[in-house]
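In what follows, a structure is listed as structure tokens, so that the remarks can point back to it.
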Amino acid sequence: MGLAALGMVSAIGLSAAGCGNDSKAGGDVTLKVVVADYGTPGSANSSKGYWDDLVRAFEEKGGHDGVKVDVTVLSWEEVDDKVAEMVKAGEAPDIAQIGAYADYAASDKLYSASELLSIPVHADIIPALAQAGELGRVQYGLPFVSSTRLLFYNKALFTEAGLDPAKPPTSWDELQSAAEALRAAGVKHPYGLPLGPEEAQAESMMWMLSGGGGYTDNVNTYTLDSNENVKTFTWLRDEFVGKGLTGPGSPGKTNRQQLFDAFSRGEVGMLNGHPTLMQQAAKGKVDYGTAPLPGREGEAGATMGVADWIMGFKQNGHREQIGAFLDFVFSTEQHYTFTDRYDLLPVTTSASEKMLDDKKHKDLWPFLEQLGAAEFYPVNKVSWAATSAEVKKSIGRAVEKGTDPQAVLTSLQRRAETEEAAARARR
């Protein structure tokens, strides 16, 4: 992977002056921390147990006299809204671990990463993830955990359809041929295409990337209606959906979890998925394989990466104490403990290397190998939240019979540009 080499790159440009932790964090301070629960709230696998152990270890560790940490663990359904309410009321937490950071960074409410993290810890963050946390070339969002996407396929269904489970498709033509064979064998969903409102923005991005496009270009300008994206959705409409290769129901009304559940019941031949699907498929006793995403002419040049974010708020002025705690959160042992518990991908080079040495997580290695070259949502655009919401509502129409993908994508492009202009005007 060369992760060690990649990790070194992020140290370039960092200066000792940017380090926020040259001295010990002292003073009688209680840090207010709000985080999301990656398990089931109130159950044994709730994230509360992890945070309780971490806080205990931090407070017992030397060098943090007088610094206490109060962590509130909330479900993903409420954590973003709760933090927004706290900030609006002038009661921002010191640290929040949520889904997005750009609004708060644009409003000058956050410390930068270099103001918080020590140089070794900052340099340990995988560069692609550090860059995804930047606004105006300054990193404010600290990636907390990450994941990438691969093609999942049912080996038993491949065999029944006369396909070689050892040779998954690598191009769109091969993907189409495999889907046709699966349909002929009676598979309910030869290929699962979830473009419903749950996570249409993710499925769309994977297809855009595999077709040589994306949401933005290399200068971070929206390109939803690019020629590459139009060709991608036209192909999906005509060569996949139009030929009945996605199974019953409209892709625009089909959610990801519906297809994950169906895959775990043995009803889906192929679909794009993230590491969580491994656990679900194993419970369903599905013999599955994974492979890089197929592209237009061969293996896709990039896959999609997703990260959740942790950030430090300026309001209470606890920069030094926040930095000391986040250094501890991102220490190899603590960070790996969390990712190991929930089968997620680490965001640091050191924890990634530890996972590559842990055979227990061999199934995660293919996802981890994709991380260094993964592309992420344009979360550093304040307009992305509204744009993403509109994609969830509308993108499914682009693959419906009789619909013009160009018109759908152009409408989304105009909406994105309007949101971006409004976001700039507010800054």
Side-chain angles (χ1 to χ4, degrees), residues 1-10 38-39 45 50 123-132 143-156 158 164-170 175 202 205-206 209-210 256 260 263-264 270-295 298-308 330-376:
M1 285 182 62
L3 279 175
L6 286 172
M8 294 295 291
V9 177
S10 63
Y38 286 77
N45 79 330
Y50 165 80
D124 198 26
I125 295 175
I126 295 171
L129 288 159
Q131 186 174 8
F144 183 65
V145 290
S146 63
S147 70
T148 54
R149 301 294 197 266
L150 293 174
L151 176 73
F152 281 70
Y153 61 98
N154 185 312
K155 291 183 178 181
F158 262 50
D164 186 350
K167 295 181 179 180
T170 61
L175 193 71
M205 183 171 176
M206 285 181 270
L209 291 173
S210 66
R256 179 195 64 185
F260 275 21
F263 185 82
S264 301
M270 303 175 289
L271 79 170
N272 295 333
H274 53 67
T276 302
L277 183 55
M278 296 190 304
Q279 299 177 7
Q280 191 171 344
K283 289 180 181 178
K285 298 182 179 179
V286 173
D287 183 15
Y288 68 90
T290 60
L293 301 184
E299 185 178 310
T303 188
M304 185 185 78
V306 176
D308 298 325
F330 284 107
S331 64
T332 303
E333 179 182 355
Q334 296 297 338
H335 185 49
Y336 187 75
T337 296
F338 190 85
T339 54
D340 172 69
R341 178 170 181 166
Y342 293 106
D343 282 339
L344 294 164
L345 301 186
V347 302
T348 64
T349 300
S350 59
S352 297
E353 290 175 341
K354 186 170 182 177
M355 182 168 281
L356 287 171
D357 289 334
D358 189 344
K359 291 184 179 180
K360 179 178 69 175
H361 289 302
K362 189 175 182 179
D363 288 346
L364 281 173
W365 293 353
F367 293 93
L368 194 54
E369 289 167 357
Q370 298 279 325
L371 188 56
E375 296 194 25
F376 296 82

Can you name the nearest heavy-atom pair linking S352 to L368, along with the distance? O-CD2, 3.6 Å

For A373 and A302 the tightest heavy-atom approach is O-CB, 4.2 Å

Does V347 offer a backbone N or O that forms a donor-acceptor pair with the side chain of S146 under 3.5 Å? no

Which atoms form the tightest heavy-atom contact between Y288 and A281, and what is the distance? CD2-CB, 3.8 Å

Distance from F260 atom CZ to L277 atom CG, nearest 0.5 Å? 4.5 Å

Which value, rounded to the nearest 0.5 Å, describes the distance between H274 atom NE2 and L344 atom CG? 9.5 Å

Does T349 reach the side chain of I126, with side-chain heavy atoms less than 4.5 Å apart? yes

Counting only heavy atoms not in Q131, do more than 12 fall under 6.0 Å of its CD? no

State whether the side chain of W365 and the backbone N or O of M355 hold a donor-acceptor pair below 3.5 Å, judged by distance alone. yes

Side-chain (Y342) to main-chain (T276) donor-acceptor, under 3.5 angstrom: no

How far does CD of E333 sit from CG of D340, to the nearest 0.5 angstrom? 11.5 Å

How many angstroms lie between atom OH of Y153 and atom OG1 of T290, to the nearest 0.5 angstrom? 7.0 Å

Side chains of Q280 and V286, heavy atoms from C-beta outward: is any pair under 4.5 Å? no

Hey, could you give me the OG/CD distance between S147 and Q370, rounded to the nearest 0.5 Å? 12.0 Å

Whether F152 and F367 hold their rings parallel, tilted or perpendicular, with breakpoints at 30° and 60°: tilted

From T348 atom OG1 to E353 atom CD, the distance as rounded to the nearest 0.5 Å: 9.0 Å

Any chance you could lay out the side-chain contact (heavy atoms from CB on, under 4.5 Å) test for M270 and L175, step after step, and finish with the verdict? CA-CA 9 Å; M270 303 175 289; L175 193 71; 3.8 Å; yes

Look at atom CD of Q279 and say whether more than 12 heavy atoms of other residues, nucleotides or ligands are closer to it than 6.0 Å. yes

Assess the residue pair L151 and N272 against the criterion (side-chain contact (heavy atoms from CB on, under 4.5 Å)); give the C-alpha distance rounded to whole Å, side-chain angles, the decisive distance to 0.1 Å, and a yes or no. CA-CA 5 Å; L151 176 73; N272 295 333; 3.8 Å; yes

Whether H335 and F330 hold their rings parallel, tilted or perpendicular, with breakpoints at 30° and 60°: tilted

Y38/Y50 aromatic ring centres below 6.0 Å: no

With a cut-off of 6.0 Å (strictly less than), are more than 12 heavy atoms of other residues, nucleotides or ligands near NZ of K360? yes

Between Q334 and Y336, does the side-chain contact (heavy atoms from CB on, under 4.5 Å) criterion hold? Intermediate values first, please. CA-CA 6 Å; Q334 296 297 338; Y336 187 75; over 6 Å; no

Taking all non-hydrogen atoms of both residues into account, name the closest pair between T332 and S350 and its distance. OG1-OG, 2.8 Å

If you look at every heavy atom in L129 and A307, which pair is closest and at what distance? CD2-CB, 3.9 Å

Smallest separation among heavy atoms of A374 and T148, with atom names: CB-CG2, 4.1 Å

Is a side-chain donor or acceptor of D343 paired with a backbone partner of L364 at a separation under 3.5 angstrom? no

side-chain contact (heavy atoms from CB on, under 4.5 Å) between L209 and L293: does it pass, once the steps are laid out? CA-CA 9 Å; L209 291 173; L293 301 184; over 6 Å; no

